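Structure first, commentary second.
Letters A, B, ... mirror the listed sequences (proteins, then strands); counts begin at 1. Not measured: the values here are computed from a predicted model.
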Amino acid sequence: MIYADNAATTQMSQKAMEAMLPCMQTVWGNPSSLYAFGQKAAEALADAREKVATCLNAADPGEIYFTSGGSEADNQAILSVAQNGAKQGKKHIISTAFEHHAVLHTLQKLAREGFEIELLPVHEKGMITPEQVVAAIRKDTALVTAMYANNEIGSILPIGEIGAVCRERGVLFHTDAVQAAGHLPLDVQRENIDLLSLSGHKFHGPKGVGVLYAKKGVPLMNLIEGGAQERGKRAGTENVPAIVGMAAALSEAVANMAADTQKLLAMRGRLIAGLAKIPHSALNGDSDRRLPGNVSFCFEGIEGESLLLLLDDRGICASSGSACTSGSLDPSHVLLAIGRPHEVAHGSLRLSLGADNTEEDVDKILAAVPEVVTYLRSISPLWKDKLNGKRPFLLPE
Amino acid sequence: MALYSEKVMDHFRHPRNVGTIEDADGIGEVGNAKCGDIMKIYLKIKDERVEDVKFETFGCGSAIASSSMATEMIKGKPLTEVLTLTNKAVTEALDGLPTHKLHCSVLAEQAIQAAVKDYQAKNKAVG
């Protein structure tokens with residue numbers, strides 16, 4: 001099997017699993033318990049918190065809050081700032097048109113509650129500029145939330161620059177760094193990030209665990225009420241094995257980042273060059289400012305789900321932003337946000353490589369994708385109409 | 001559990017009656033590119049029976065499988081019977097479809113109806 005869907009989830013690393021086992025076999029006490037056995041678990045938790053703080057260059061491990069994943073962290077970050085902003089009469093929130101649904105749906109909920117949500121357009125490359133943010137900031141802006149890197153098309157936003165303009169203007173800044181953590185160097189202090197979300201399973205850690213970084217002094221509200229865990233901001237006995245596994249995976253990913261990136265860039269380059277040879281195809285996102293493992297294409301005249309199923313038959317795991325794979329009638333909001341027409345967006349393919357992929361995997365993908373695209377086009381009446389000139393081609397040859 | 005039944009996957013992987021009929025007696029096309037589904041059915045009619053049928057589909061796995069199954073179900077059948085083909089029958093023949101994919105079987109039914117109507121309209125004009 002060739003696994004090329006690392007943006008969906010990743011295989012757990014050996015080190016992460018090894019770090020988790022003792023938390024289940026020997027150090028399985030409750031970190032809130034007073035006795036020494038419980039306190040051993042508390043120590044494991046503190047160690048994990050320090051590791052994560054180091055990876056993000058947080059000023060204090062007390063700024064790290066463990067959550068059930070990226071979605072919870074996004075929800076807590078946005079709802080906290082919104083609630084606090086509303087108390088000061090600030091009900092304007094700036095974000096981007098291609099955020100993850102964990103952000104977009106939280107913002108839609110706030111819109112229904114009377115907040116004004118402004119989604120910045122992301123242009124054809126899937127990018128926003130600090131100037132756009134500056135122009136959008138108002139006196140009543142409570143929050144700017146912009147993803148670090150896009151999960152579908154891989155484009156990397158200028159987070160440091162956006163953080164700087166927000167800090168200068170006294171506006172809180174949150175970034176959903178789920179796709180970036182463990183893959184791009186993050187520095188919450190240098191990049192002026194007030195709140196950041198990440199998810200353990202995107203960098204070879206376990207599923208169901210994530211982090212909310214909240215700079216000291218940023219008030220958090222509880223999504224879950226109960227005990228005093230996570231300094232009273234996230235009730236519920238901590239998932240110690242998962243947290244410890246996530247911290248180990250993140251440390252490992254950060255340590256290996258330079259070497260992994262180099263390897264990924266070489267494979268990504270070959271894939272993009274090879275797939276671009278398919279007529280009437282187009283790369284989605286920026287060619288340079290993109291996640292090292294992300295390859296996203298649209299192929300005209302075909303539908304993405306059929307493409308994925310036939311690639312699956314050839315042992316290749318990938319994903320698509322077509323309506324049939326999104327579970328709704330519309331194709332991916334990300335592809336629509338960068339201006340792809342519906343018809344083209346249905347024919348999308350995302351390959352997200354990990355450091356475990358090989359050049360041989362790339363060869364096999366480059367052999368399989370053109371073959372499958374050609375076959376699906378051969379049975380597509382839409383493609384035939386384009387060849388006959390009855391319908392226009394929407395992507396250049 | 002897999003998303004699709006074995007039968008759906010079989011018809012998707014090995015679609016029956018794919019292609020076109022150059023001198024088709026009736027052609028039906030339904031769906032649209034924006035929604036990501038287009039089905040086109042070609043019929044060759046002899047003595048008010050479907051002598052041959054071919055299809056082309058732009059769409060997801062269940063759209064291709066539904067087209068394939070529907071063409072199998074009408075091949076050789078009298079038009080009176082073809083017109084009674086329902087999406088429910090196509091779905092059942094495929095051992096079911098996920099709820100959000102039922103519209104694919106509806107498209108197959110509509111494409112066939114449209115092709116028969118096209119034939120009848122042409123025939124009337126000639127007659």
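- Of all heavy-atom pairs spanning B:G61 and A:S306, the tightest one is N-OG, 3.6 Å.
- Minimum interatomic distance between B:F58 and A:P381 (heavy atoms only, all atoms of both residues): N-CD, 3.4 Å.
- Applying the salt bridge (charged side-chain N to carboxylate O under 4.0 Å, His left out) test to B:E92 and every residue at least two apart in sequence or in another chain returns B:K88.
- No other option in B:C35, B:A33, B:C104, B:C60 has as many heavy-atom pairs under 4.5 Å with chain A as B:C60.
- Applying the 6.0 Å contact sphere to CD of A:Q11 captures no more than 12 heavy atoms from other residues, nucleotides or ligands.
- One distance of note links CG of A:L382 with CG of B:N32; it measures 10.0 Å at 0.5 Å rounding.
- Between A:E305 atom CD and B:Y4 atom OH the span is 3.5 Å, to the nearest 0.5 Å.
- In this structure, the portion of B:S62 lying under 4.5 Å from any heavy atom of chain A is its backbone and not its side chain.
- For A:K384, the NZ atom counts as densely surrounded, since its 6.0 Å shell holds more than 12 non-hydrogen atoms of other residues, nucleotides or ligands.
- Heavy-atom pairs under 4.5 Å with chain A were tallied for B:E29, B:R13, B:K34, B:K40; the largest tally goes to B:K34.
- Heavy atoms of A:L307 lying under 4.5 Å from chain B are absent altogether.
- Counting heavy atoms of neighbouring residues, nucleotides and ligands inside a 6.0 Å radius, atom CG of A:N388 exceeds 12 of them.
- Under the 4.5 Å side-chain criterion, counting only non-hydrogen atoms from C-beta, B:M9 is not in contact with A:D312.
- Annotation: maximal heavy-atom pairing with chain A below 4.5 Å, among B:G36, B:P15, B:G31, occurs at B:G36.
- With a 6.0 Å radius and a threshold of 12 heavy atoms from other residues, nucleotides or ligands, A:K109 has its NZ atom at or below the threshold.
- The parts of A:I379 that come within reach of chain B are both its backbone and its side chain, each placing non-hydrogen atoms under 4.5 angstrom from that chain.
- Only the side chain of A:R391 comes within less than 4.5 Å of a heavy atom of chain B; its backbone N, CA, C and O stay farther away.
- Only the side chain of B:I64 comes within less than 4.5 Å of a heavy atom of chain A; its backbone N, CA, C and O stay farther away.
- Counting heavy-atom pairs closer than 4.5 Å to chain B, the top residue among A:L310, A:V344, A:D313 is A:D313.
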